[in-house]
Protein chains: 2
Amino acid sequence: MQQPPHPIQDAHEQLRQRGFRLTPQRMLIMEVINVFHDHISAEQIHAAVVARYPYINIATVYRNLHWLLDQQLVRKIDVGDGHLWWEAATEAVHHHLICERCKAVQAIDNHVVACFANHVAEHYGFAVNIAHLPIFGLCTQCAAEEDAA
Amino acid sequence: MQQPPHPIQDAHEQLRQRGFRLTPQRMLIMEVINVFHDHISAEQIHAAVVARYPYINIATVYRNLHWLLDQQLVRKIDVGDGHLWWEAATEAVHHHLICERCKAVQAIDNHVVACFANHVAEHYGFAVNIAHLPIFGLCTQCAAEEDAA
DNA sequence: GTCCCTGCAAAGCATTTGCAGGGTA
DNA sequence: TACCCTGCAAATGCTTTGCAGGGAC
């Protein structure tokens with residue numbers, strides 16, 4: 001009786017065949033990012049992995065994040081708050097509204113942005129990375145408070 | 001014979017009346033930013049001022065940039081390349097297409113973006129800071145090269 | 001043996017902060 | 001006197017890098 005292929009094991013096998021190794025550290029980092037359905041910082045990833053594998057070093061986390069980025073398994077998000085955020089490439093494409101006053105980050109879906117990206121491509125021949133569009137401004141509440149002041 | 005008010009001197013007078021001082025350092029920083037019709041980094045500003053006033057410290061530049069931001073005399077631009085860029089608030093509103101491959105930054109006018117900002121405001125009640133919308137992606141040339149590879 | 005990968009420690013780098021002193025009102 | 005502002009030096013905080021060692025193939 002033949003089993004259907006297991007997608008995660010398949011992906012792992014492909015990585016192995018390209019000469020990469022799936023060390024415990026690397027597997028744990030990948031798992032943390034995939035289970036956490038939101039953007040997560042390198043330090044948070046490190047803390048989460050340490051809980052299960054105490055000797056992992058933060059440098060290993062950073063190195064693997066760049067490796068995962070090269071493999072297109074994660075996306076890198078810069079919201080300009082001093083650290084980078086990361087999320088699994090399997091998450092639905094979405095965007096971030098970053099309030100410059102209260103620093104809140106709100107995720108929005110791709111609808112409006114996709115339309116905008118098309119316009120930029122048409123007018124300027126620039127291929128917008130719609131997986132990474134940080135939108136700065138003021139959230140509803142802060143905009144109201146600024147007006148009041 | 002009455003002279004028309006001098007706009008820059010007026011602005012300076014207003015700042016003085018609010019209790020601020022217009023030190024040589026501060027004036028030079030403001031001048032460098034206003035004369036340089038593009039975004040400029042803190043370090044570039046420092047270098048430009050040093051040429052005329054050798055003892056100014058980089059900390060003074062940073063402190064004054066934040067002060068100028070408070071006074072809404074400059075805009076701060078984060079293109080995610082490790083430093084912040086600054087430009088005079090008198091520059092026409094425009095935006096930056098940042099190529100994630102060759103790091104080139106291309107300025108584009110406000111037309112397409114203003115339209116997009118309206119949509120975000122309508123849908124999410126979020127007031128996009130259209131003076132600060134870094135648009136990441138691939139420039140025409142790099143997109144072509146990526147396709148070829 | 002070769003190459004990938006890790007831990008550790010140190011370095012990098014833009015930016016910020018503490019502190020003492022100087023200048024202006 | 002009070003307050004603004006500066007220079008200097010040190011600190012900050014995230015991220016990167018050099019190096020030696022360990023393990024897989």
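Sequence lines set the chain letters: A, B, ... in the order given, protein chains first and strands last, and positions in each chain run from 1.
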inquiry  = Measure CZ/Arg26(B) against C1'/dC4(D) and give the value in whole Å, please.
reply    = 8 Å
message = Quick check for you: among dT6(C), dG7(D), dC5(D), whose closest atom lies nearest to any side-chain atom of Gln25(B)?
response = dG7(D)
request  = Among the candidates dT6(D), dC5(C), dG23(C), find the nucleotide nearest to the side-chain atoms of Arg21(B).
outcome  = dG23(C)
query = Are OP1 or OP2 of dT6(D) and a side-chain N or O of Thr23(B) less than 4.0 angstrom apart?
reply = yes
task = Send over the distance from Tyr53(A) OH to dC5(C) P, rounded to a whole Å.
result = 14 Å
task = Round to the nearest Å and state the distance from Gln71(A) atom CD to dC4(C) atom C1'.
result = 13 Å
message = For nucleotides 11-17 of chain C, give me one character per nucleotide, 5' to 3': B if any protein heavy atom sits under 4.0 Å from the base, S if the only such contacts are to the sugar-phosphate, - if neither.
response = ---SBBB
inquiry  = Rounding to an integer number of Å, can you tell me how far Leu28(A) CG sits from dT6(C) P?
reply    = 11 Å
message = Before you tell me yes or no, could you show the steps for Trp86(A) and Val61(A) under side chain to side chain contact (heavy atoms under 4.5 Å, CB included), namely the whole-Å CA-CA distance, both residues' side-chain angles and the distance that decides it to 0.1 Å?
response = CA-CA 12 Å; Trp86(A) 306 82; Val61(A) 174; over 6 Å; no
query = Closer than 4.0 Å, any side-chain N/O of Thr60(A) to the OP1 or OP2 of dG7(C)?
reply = yes
key: Whole angstrom value for the distance that separates P of dA25(C) from CG of Leu15(B)   = 15 Å
query = More than 12 foreign heavy atoms under 6.0 Å from CD of Glu13(A): is that the case here?
reply = yes
request  = Please state how far atom CG in Asn64(A) lies from atom C1' in dC5(C), giving the value in whole angstrom units.
outcome  = 8 Å
Whole-Å gap separating P (dC5(C)) and CG (Leu68(A)) = 11 Å
CD/Glu145(A): more than 12 non-hydrogen atoms of other groups inside 6.0 Å = yes
message = Would you say that more than 12 heavy atoms from the other residues, nucleotides or ligands in this model lie under 6.0 Å from the CD of Gln72(B), or not?
response = no
message = Tell me whether the count of non-hydrogen atoms from other residues, nucleotides or ligands lying under 6.0 Å of CD in Gln141(B) goes above 12.
response = no
task = Provide, to the nearest angstrom, the distance between the CG atom belonging to Leu22(B) and the P atom belonging to dA25(C).
result = 11 Å
message = Between Glu100(A) and Lys76(B), is the salt bridge (charged side-chain N to carboxylate O under 4.0 Å, His left out) condition met? List the steps.
response = CA-CA 11 Å; Glu100(A) 296 181 305; Lys76(B) 182 174 77 168; over 6 Å; no
query = Between the side chains of Glu87(A) and His94(A), is a donor N or O closer than 3.5 angstrom to an acceptor N or O?
reply = yes
